[in-house]
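Report on the following structure.
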Amino acid sequence: MIIGVGTDLLDIRRIEQTLARFGERFCSRVFVDSERVRCERRANRAACYAQRYAAKEACAKALGTGLRQGVFWRDMVVTSLPSGKPVLTLTGGARRRLDALVPDGMEPAIEVTLTDEYPMAHAVVVISAVPNGSRAAPLA
Ligand SMILES: CC(C)(COP(=O)(O)OP(=O)(O)OC[C@H]1O[C@@H](n2cnc3c(N)ncnc32)[C@H](O)[C@@H]1OP(=O)(O)O)[C@@H](O)C(=O)NCCC(=O)NCCS
């Protein structure tokens with residue numbers, strides 16, 4: 001069953017400006033090392049960061065909190081399978097909020113999808129609860 005849906009649309013030019021102005025301070029506040037390594041390798045690093053920023057905002061909406069109530073940017077981490085499919089993993093306050101949403105006997109499953117078409121980046125997050133042990137292993 002679906003327990004939360006979130007979406008966010010972001011102007012990549014805002015991230016370009018923020019990177020130029022705040023650089024390290026912005027990146028270290030919002031992104032974990034693995035996200036930074038991936039984006040710094042990209043030709044368009046701002047688009048990569050913008051997609052991940054949008055994913056975190058979309059996730060915060062799916063959690064029903066926004067970036068509040070103990071849910072912080074770095075609690076929501078986007079990684080990628082070898083196929084390129086993004087995966088969203090929650091820690092800290094975001095994980096605690098997620099666990100509080102999931103009924104007994106169930107476990108959470110999070111789907112995230114990202115896209116960009118300059119100057120816009122977009123993310124959608126769907127949070128479901130599935131019976132314990134029934135979550136499909138991600139395909140590589
Ligand atoms: C929820 C949040 C993520 C919205 O992000 P936003 O980029 O400000 O605004 P968006 O236009 O993308 O989304 C706004 C919509 O989110 C939805 N929303 C607001 N609070 C929400 C919540 N707690 N749960 C789910 N959805 C929520 C609403 O539908 C809102 O639109 P509405 O007020 O017209 O109904 C925002 O509250 C938040 O926590 N932002 C943190 C941003 C921040 O700290 N920026 C600092 C710059 S580095």
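Just so you know, ligand 1 is whichever comes first in the structure, and atom 1 is the first atom listed for that ligand. Keep in mind that what you see is a predicted model, and the values were worked out from it rather than measured.
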Please state which protein non-hydrogen atom is closest to [atom] and give its distance, to 0.1 Å?
{"atom": "atom 10 (P) of ligand 1", "value": "K61 NZ, 3.5 Å"}
{"atom": "atom 41 (C) of ligand 1", "value": "L67 CB, 3.8 Å"}
{"atom": "atom 23 (N) of ligand 1", "value": "G64 O, 3.0 Å"}
{"atom": "atom 1 (C) of ligand 1", "value": "G66 CA, 3.7 Å"}
{"atom": "atom 37 (O) of ligand 1", "value": "R68 NH2, 2.7 Å"}

Going by the 4.0 angstrom heavy-atom rule, the piece of W73 near ligand 1 is side chain
Honestly, for Y53 the part within reach of ligand 1 (heavy atoms, under 4.0 Å) is side chain
Exercise. Answer yes when R29 and E24 have at least one side-chain N-carboxylate O distance shorter than 4.0 Å, and no when they do not.
Key: no
**OP:** Could you tell me whether R21 and E16 make a salt bridge, using a distance below 4.0 angstrom between a side-chain N and a carboxylate O?
**Re:** no
Here the gap from M1 atom CE to I127 atom CD1, rounded to the nearest 0.5 Å, amounts to 12.0 Å
Between the CD1 atom in I12 and the CZ atom in R45, the distance rounded to the nearest 0.5 Å is 13.5 Å
Below 4.0 angstrom, counting only protein heavy atoms, does anything approach [atom]?
{"atom": "atom 18 (N) of ligand 1", "value": "no"}
{"atom": "atom 28 (C) of ligand 1", "value": "no"}
{"atom": "atom 21 (C) of ligand 1", "value": "no"}
{"atom": "atom 35 (O) of ligand 1", "value": "no"}
{"atom": "atom 5 (O) of ligand 1", "value": "yes"}
{"atom": "atom 48 (S) of ligand 1", "value": "yes"}
{"atom": "atom 39 (O) of ligand 1", "value": "yes"}

Practice prompt. State yes or no: do L63 and V126 share one hydrophobic cluster built from I, L, V, M, F, W and Y residues joined by side-chain heavy-atom distances below 4.5 Å, directly or via other members?
Written response: no
Nearest non-hydrogen contact to atom 8 (O) of ligand 1 from the set E57, R14, R29 belongs to E57
Around atom CD1 of I2, are there more than 12 heavy atoms from other residues, nucleotides or ligands closer than 6.0 Å? no
**Asked** What do you reckon, is CG of D33 surrounded by more than 12 foreign heavy atoms closer than 6.0 Å?
**Response** no
**OP:** Give the C-alpha distance, both sets of side-chain angles, the deciding distance and a yes or no for side chain to side chain contact (heavy atoms under 4.5 Å, CB included) between L114 and V78.
**Re:** CA-CA 10 Å; L114 312 175; V78 179; 4.3 Å; yes
Note: ligand 1 atoms sitting under 4.0 Å from heavy atoms of T65 are 23 (N), 24 (N)
**Report entry** Side chains of V77 and L88 in contact at under 4.5 Å (non-hydrogen atoms)
**Finding:** no
Check: Ring centres of F26 and Y49 under 6.0 Å apart?
Finding: no
